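Remarks on the structure that follows.
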Amino acid sequence: MFDTCSPRKDSKTVVLELPITFENGFGPFEETYSVLNQEPSSENLIGSPWVATYPSIKGIPDNWHHVVRYMEWLNARQFVYQNYHQGKIGPELYNSLLKSWNWVPDQTILSKKPINCFVYVITGQDSYGNNVMRIDCNNNLDFSDETTFYPKALSRFWKTKNDQFKSGYKKFHMVQYESVRFGKIVPDSIPMILRYAPEQVNEKLYWCSFPQYGVTTLSWKGRNYRIAISRNFNGSSFYDARIVALGESDDDKNLTFFQTIQIGGFLETGTLLSRSRFKYLGINQSENILLLESAEEIKKRILCSKFQIVHAYTKQHS
């Protein structure tokens, strides 16, 4: 009855690898924004260690007043990794981030050579006193080739569902950036939305979102199940990505990030009479692959391990 243990002498698990494709919009997830990050000042005790990491930019319109510069990280770990290896942040800060993020850098998805893993934004007021913005969409640190626009104001946007992508809304800005795939630096792009929150003050006036999510299909026991992957719309990396299984009408759901399944959690599919469970192992970021393990395989492996322990104990004491 324990013959199933024999092919598993190396104790390796059977992992399902599901390729991810990307959709623009918020899909079944709640529309989510985060505060734009201003360039730090050397006078700011918290921000001063980062001052050296911010490159110079040009092309700011001469007729703009009260200009504020923002850098939004698309991949925070890549940004930290490259700046540490360029000597722009010190070992004390770097090691503290390794600890607080519980992060062991994976060189297959990281580059010591600086890459465009961020995007710059500038805000200001034009000669008429209107709030204006520009995004460095082509990521060349030059705003002279970008278009000025007036940010749309949102009130209590974090509490409402926005269906503008479903209704054909296309007024997002496509941002160019770089990532590491299969050990090589490759060009990539992601949509970005900027909003102005007039009821907020100072550092919370401007908010952003990167409305893109992943989708994949799990084929199991003769049926196909769609799975959506959320990065919480705050960048391009999958370090803390969460997943959810979708039904036929679930694209209209408004799931918060915390209603989804985190790494180590279990995803369920099937019917009440025939349920299957899968442990979410994370994302292979080099290849954009979702990793799942069948709970049936986990149970089988545990049973095998217990049998091997009992067998070894019995043999030792026989």
Side-chain angles (χ1 to χ4, degrees), residues 31-76 79-80 82-83 88-89 93 114-160 162 164 169-177 189-212 232-236:
E31 181 176 0
T32 305
Y33 290 79
S34 56
V35 179
L36 270 180
N37 292 302
Q38 290 188 23
E39 270 193 354
S41 165
S42 58
E43 299 174 358
N44 184 317
L45 292 178
I46 297 176
S48 57
W50 298 98
V51 170
T53 68
Y54 284 71
S56 60
I57 61 175
K58 61 181 181 179
I60 299 174
D62 293 333
N63 64 336
W64 280 26
H65 308 284
H66 309 296
V67 174
V68 180
R69 310 177 185 202
Y70 304 82
M71 178 196 277
E72 196 64 27
W73 298 349
L74 298 175
N75 186 333
F79 186 80
V80 168
Q82 67 187 37
N83 280 289
K88 295 182 178 180
I89 61 173
L93 175 57
I115 65 174
N116 291 333
C117 57
F118 55 84
V119 59
Y120 251 98
V121 176
I122 55 173
T123 65
Q125 291 183 341
D126 63 15
S127 55
Y128 298 99
N130 298 313
N131 293 317
V132 286
M133 306 185 81
R134 285 189 185 186
I135 303 173
D136 185 24
C137 291
N138 60 9
N139 232 319
N140 65 351
L141 303 178
D142 185 354
F143 285 91
S144 63
D145 54 5
E146 302 295 348
T147 303
T148 297
F149 64 95
Y150 302 93
K152 182 179 178 180
L154 284 180
S155 176
R156 300 189 304 275
F157 53 77
W158 49 86
K159 297 180 181 179
T160 60
N162 191 311
Q164 42 194 16
Y169 181 85
K170 298 296 182 181
K171 293 183 180 179
F172 57 80
H173 303 265
M174 191 59 69
V175 171
Q176 308 301 313
Y177 71 99
S189 62
I190 191 170
M192 184 179 191
I193 296 177
L194 289 172
R195 291 290 183 260
Y196 171 61
E199 71 273 16
Q200 300 294 319
V201 295
N202 300 328
E203 293 86 1
K204 295 185 178 182
L205 279 175
Y206 294 98
W207 298 67
C208 70
S209 183
F210 298 93
Q212 189 180 76
N232 207 22
F233 308 110
N234 60 9
S236 64

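Please read all numbers here as calculations on a predicted model, not as lab measurements.
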Original post:
Closest approach of F210 and G235, non-hydrogen atoms and distance?
Top reply: CD1-N, 3.7 Å
**OP:** Kindly indicate whether the side chain of T53, heavy atoms from C-beta on, has any atom under 4.5 Å from the side chain of F79.
**Re:** yes
**OP:** Using only heavy-atom distances, determine whether the side chains of E39 and Y120 contain a donor-acceptor pair under 3.5 Å.
**Re:** yes
Subject >> 4.5 Å side-chain heavy-atom contact, V121 and M133 >> reply: yes
Original post:
Any side-chain heavy-atom pair from S34 and S209 closer than 4.5 angstrom?
Top reply: no
Subject >> Main-chain N/O of K88 paired with N83 side-chain donor or acceptor, under 3.5 Å >> reply: no
Subject >> Between CG on residue N139 and CD1 on residue I115, distance to nearest 0.5 Å >> reply: 10.5 Å
**OP:** Verify, without hydrogens or angle tests, whether S236 (side chain) and L74 (backbone) share a donor-acceptor contact under 3.5 angstrom.
**Re:** yes
Show the atom names and distances, to 0.1 Å, of all donor-acceptor pairs under 3.5 Å that link a side chain in residues 142-151 to residues at least two apart or in another chain.
| residue | atom | partner | partner atom | Å |
| --- | --- | --- | --- | --- |
| D142 | OD1 | S144 | N | 2.9 |
| D142 | OD1 | S144 | OG | 2.7 |
| D142 | OD2 | S144 | OG | 3.1 |
| D145 | OD2 | N138 | ND2 | 2.9 |
| D145 | OD2 | N140 | ND2 | 2.9 |
| E146 | OE2 | C137 | N | 3.1 |
| E146 | OE2 | N138 | N | 3.3 |
| T148 | OG1 | R134 | NE | 2.6 |
| T148 | OG1 | R134 | NH2 | 3.0 |

Original post:
Is there side-chain contact between T123 and N131, with at least one heavy-atom pair below 4.5 Å?
Top reply: no
Subject >> For the student: nearest non-hydrogen atoms of S189 and Q212, plus distance >> reply: O-NE2, 4.0 Å
**OP:** Answer whether the closest heavy-atom distance between the side chains of L36 and L194 falls below 4.5 Å.
**Re:** yes
Original post:
What are the two closest non-hydrogen atoms of P49 and L93, and how far apart are they?
Top reply: CB-CD2, 4.0 Å
Return a table of donor-acceptor pairs under 3.5 angstrom between the side chains of residues 63-73 and protein atoms on other chains or two or more places apart.
| residue | atom | partner | partner atom | Å |
| --- | --- | --- | --- | --- |
| E72 | OE1 | N37 | N | 3.2 |
| E72 | OE1 | N37 | ND2 | 3.3 |
| E72 | OE2 | N37 | ND2 | 3.4 |

Original post:
If you round to the nearest 0.5 Å, how far is CD1 of I89 from CH2 of W50?
Top reply: 4.5 Å
Original post:
What closest approach, in Å, do A153 and P198 show between heavy atoms, and which atom pair accounts for it?
Top reply: CB-CD, 4.0 Å
Original post:
Between L141 and D136, what is the shortest heavy-atom contact and its length?
Top reply: N-OD2, 2.7 Å
Original post:
Looking at S41 and V51, what are the two nearest heavy atoms and their distance?
Top reply: C-CG2, 3.8 Å
Original post:
Just wondering, do F233 and I193 contact through their side chains at under 4.5 Å, heavy atoms?
Top reply: no
